[in-house]
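Written out below as structure tokens is the structure these notes cover.
It should be emphasised that the depicted structure is a prediction, and the values quoted were computed from it without experimental measurement.
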Amino acid sequence: MKKRRLSPAQCERVFISQPPELLDSGRTPSMLKVYAPTITAYYVPIAGKTYLSPYRSRSLPWGFWHQAPLDTDLQDGLPFCTKPEKQQSWEIITDELQDILKKYSLDFSKEQMKIFNDPIHGHIALHPLLVKITDTPQFQRLRHIKQLGGTYLVYSGASHNRFEHSLGVAYLAGCLVKTLHDNQPELKITKQDFLCVQIAGLCHDLGHGPFSHVFDGLVIPKAKTMKKIRGLPDDIPEKWKHEQMSVLMFDDIVKSLKTENEDVLKEHGLDDKDVTFIKELIEGAKDSVAEWTYEGRAEDKSFLYEIVANKQNGIDVDKWDYFARDCHHLGIRNSFDHQRLLKFARVCEVNGRNHICFRDKEADNVYDMFRTRYTLHRQAYQHKICNIIEEMFAEALVLADRDLHEEKPEDMLKISEAIKTAEEYSKLTDEIFEQISSSTATNLQESRNILNKIVRRKLPKFVGEAHLTEENKSKFVGEAHLTEEHKSKKIQEILMKSWKAAVQKYKPTDPTVSLNAEELPVYVVDLDHGMKDKNPIESVYFYSKRNPNQASTIKDYQLSSFLPKKFNEELVRVYYRRTDDQTVEDKMEEKKKVEEAEKCFQIWCKDSFGPCV
């Protein structure tokens, strides 16, 4: 490659365009590099013409190239034109190039970045606009929501909150975007793209309620059921998730920031289309959509929708952060290396759409990611005591919800109806636990009793656990074509009936003990690697060193033979509900009941679906 360097003094005689043969005695150089006092540009000859580009590569789309504006009539190796003309031409070129570099450069050195010291990622720098978002009541609320909900009451180290997780996701989102930008300039990733993805990562969990997933996973479904039973109007959206509230909370933040400064987004190059883009990123793009219907960005930037919430295969920076952060606080080993995987991320076109892909040699690392997810659920998130504590907490909130009563008592709390507005929802945090516990309201007495049991560790006794096999599931539901959700509900109903019949049929070995199925609830726990019964690796695209621009799913012969053949399991758990205010005699009787319940459970397991654990 021939280079010709111009000193600042020579920059007034800039080369606008020079025929390659005059530069290299008849041989065509691949590119001519031009240095100016404040800018570096590349003159790249293509098809007999010379183009100006801020990048070295020739394989860039047309939008990156700017043809030199002057004809190449040369004299003594310089364009044949007057000095003023040359000066004017150079000003045109530098202005164009400055605009390109300003748009596509991710250099924020002139911005007043704020440094956060994070225990997982070290010192991370956040853009001033992101800092303004963090300094709002809607975002600061995340300091009062435990990342792992009831798990903190079992794992004493799991005291971290949604606040620091959100900062970590924003940081990793920026790292991934920058990696793609630096390695593939042809993707045309702009500063606006970078900021939008970081903001989406920062705000993706704004909609979490008290004790995180307990609220949208247990409280809201129970509230909907109670409304149906009591004949109350139900305007809670079907399958309501925290992402929907995250979008409402983000709108509320934008509104509050614009109240202080109408041009707060415009000052950083963002507009209403970017706000739409951020909200789309928070909710995630569905891969099944054949036609591109998203408004924030065109289809050529579909890969940006896979960074924060990846509905394609589940590999996103949200998981990268909470795997590392949760393992750190739980004391569980994390075998997944997100920093390494990030370095091998690359965008390739697959089936007509741009996707984030990874090197084929990283297949084991990717599998470790999915395995880490399973391990965290098995050991922590779905821990047998964590689960029952969260069930109790959800029950306490439902009993405290005034919106489940037609008269809406004033001494109860607004809970399920709070999801209608961001203002009301902002008041819901983990502090509701203390709010109920310290209340003297008569209508909150039942809720207080449940929370008091949690505090005093008067929890239901664990009776037993069994694995539900595919053979037994098909036996329960038959050959009916049901969705996974309906199938799970039907299995739970059949198991409860079967267990109730088993309890009634069982004859205790101790004649002084009698079992009541109402005191022995059954729960079904789903565990998987992220995609139900499917192998998640089959949804990930990989590229090779020889063909970095072509990606496909990994072949079976490229995977380890030690990988499991089954990627999900369902656990059946039975608990014994304790009685209140136990005497010494009550405790002795309870011990006998639990022993008899365990024997009954063993017999039920063998009769229904094989030996239990």
Check ion pair [X]-[Y] (N to O, under 4.0 angstrom):
X: E417; Y: K408; value: no
X: D235; Y: K420; value: yes
X: E238; Y: K224; value: yes
X: D403; Y: K227; value: no
X: K427; Y: E424; value: yes
X: R378; Y: E465; value: yes

Atom [atom1] of [X] with >12 non-hydrogen neighbours under 6.0 angstrom:
X: M531; atom1: CE; value: yes
X: K461; atom1: NZ; value: no
X: E406; atom1: CD; value: no
X: E423; atom1: CD; value: no
X: K591; atom1: NZ; value: no

Apply side-chain contact (heavy atoms from CB on, under 4.5 Å) to residues L571 and L468 and explain how you reach the verdict.
CA-CA 6 Å; L571 306 178; L468 191 59; over 6 Å; no
If every non-hydrogen atom of [X] is compared with every non-hydrogen atom of [Y], which pair is closest and at what distance?
X: P210; Y: I432; answer: CB-CG2, 4.0 Å
X: Q492; Y: V522; answer: NE2-O, 3.3 Å
X: P237; Y: Q244; answer: CB-NE2, 4.3 Å
X: Y367; Y: P564; answer: OH-CD, 3.0 Å
X: H405; Y: L232; answer: N-CD1, 4.0 Å
X: L515; Y: K593; answer: CD2-O, 3.7 Å

Check whether the side chains of [X] and [Y] place a donor and an acceptor atom closer than 3.5 Å, and report yes or no.
X: W292; Y: S302; answer: no
X: H355; Y: E306; answer: yes
X: N365; Y: E362; answer: yes
X: H529; Y: N568; answer: no
X: D401; Y: S416; answer: yes
X: E585; Y: T583; answer: yes

Give every donor-acceptor pair under 3.5 Å between a side-chain atom in residues 144-151 and any protein atom, sequence neighbours left out.
residue	atom	partner	partner atom	Å
H144	ND1	E431	OE2	3.4
Q147	OE1	R162	NE	3.4
T151	OG1	L148	O	3.0

List in chain and number order the residues that pass side chain to side chain contact (heavy atoms under 4.5 Å, CB included) with T372, two or more places apart in sequence or in another chain; answer none if no residue qualifies.
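Result, side chain to side chain contact (heavy atoms under 4.5 Å, CB included) vs T372: F323, C327, N334, S335, F336, L376.
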For S437, check side chain to side chain contact (heavy atoms under 4.5 Å, CB included) against everything at least two apart and list the hits.
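Result, side chain to side chain contact (heavy atoms under 4.5 Å, CB included) vs S437: F433, L451.
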Could you pull out all residues at least two apart from Y576 that satisfy ring pair (Phe, Tyr, Trp, His ring centres under 6.0 Å)?
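Here no residue qualifies.
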Ring pair (Phe, Tyr, Trp, His ring centres under 6.0 Å) partners for F163, two or more places apart:
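For F163 the ring pair (Phe, Tyr, Trp, His ring centres under 6.0 Å) partners, ignoring immediate neighbours, are F139.
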Rounded at 0.5 Å granularity, tell me how far [atom1] in [X] sits from [atom2] in [Y].
X: W604; Y: S498; atom1: CH2; atom2: OG; answer: 5.5 Å
X: N443; Y: E407; atom1: CG; atom2: CD; answer: 8.0 Å
X: M245; Y: D251; atom1: CE; atom2: CG; answer: 11.0 Å
X: S166; Y: D318; atom1: OG; atom2: CG; answer: 8.5 Å
X: R456; Y: N452; atom1: CZ; atom2: CG; answer: 5.0 Å
X: I236; Y: D234; atom1: CD1; atom2: CG; answer: 5.0 Å

In chain order, what residues pass the side-chain hydrogen bond (donor to acceptor under 3.5 Å, both in side chains) check against [X], with sequence neighbours excluded?
X: N351; answer: none
X: D368; answer: none
X: E164; answer: none
X: Y381; answer: D326

Y523 and Y575 aromatic ring geometry - parallel, tilted or perpendicular at 30°/60° bounds
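Aromatic pair Y575/Y523 classed perpendicular.
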Return the orientation label for the H242 and H208 ring planes: parallel under 30°, perpendicular over 60°, tilted otherwise.
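The arrangement is parallel - the two ring planes meet at less than 30°.
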S552 vs V350, side-chain contact (heavy atoms from CB on, under 4.5 Å): CA-CA, chis, key distance, verdict:
CA-CA 7 Å; S552 62; V350 182; over 6 Å; no
Please lay out, stage by stage, how Y152 and V154 fare under the test side-chain contact (heavy atoms from CB on, under 4.5 Å).
CA-CA 5 Å; Y152 172 51; V154 176; over 6 Å; no
Please determine whether ring pair (Phe, Tyr, Trp, His ring centres under 6.0 Å) holds for the pair H165 and H204, giving the CA-CA distance in whole Å, both sets of side-chain angles, and the decisive distance to 0.1 Å.
CA-CA 10 Å; H165 165 63; H204 78 288; 5.2 Å; yes
Salt bridge (charged side-chain N to carboxylate O under 4.0 Å, His left out) partners of residues 443-452, not counting sequence neighbours, each pair once:
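Sorted pair list comes back empty.
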Pairs satisfying salt bridge (charged side-chain N to carboxylate O under 4.0 Å, His left out), at least one member in residues 211-223, at least two apart:
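For residues 211-223, and leaving out neighbouring residues, the salt bridge (charged side-chain N to carboxylate O under 4.0 Å, His left out) pairs sorted by first residue read K222-E391.
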Heavy atoms, side chains only, cut-off 4.5 Å: are L459 and K453 in contact?
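L459 vs K453: side chains apart.
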Using side-chain heavy atoms (C-beta onward) and a distance below 4.5 Å, is F567 in contact with I537?
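No, side chains not in contact.
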Please list, one pair per line, the donor and acceptor atoms closer than 3.5 Å that link side chains of residues 499-507 to other protein atoms, with sequence neighbours excluded.
residue	atom	partner	partner atom	Å
W499	NE1	L520	O	2.9
Y506	OH	E596	OE1	2.6

Going through the distances and angles, do D411 and T440 end up as a side-chain contact (heavy atoms from CB on, under 4.5 Å)?
CA-CA 9 Å; D411 60 346; T440 57; over 6 Å; no
Take T509 and K599, measure what side-chain hydrogen bond (donor to acceptor under 3.5 Å, both in side chains) needs, and give me the verdict at the end.
CA-CA 9 Å; T509 55; K599 294 175 184 177; 3.1 Å; yes
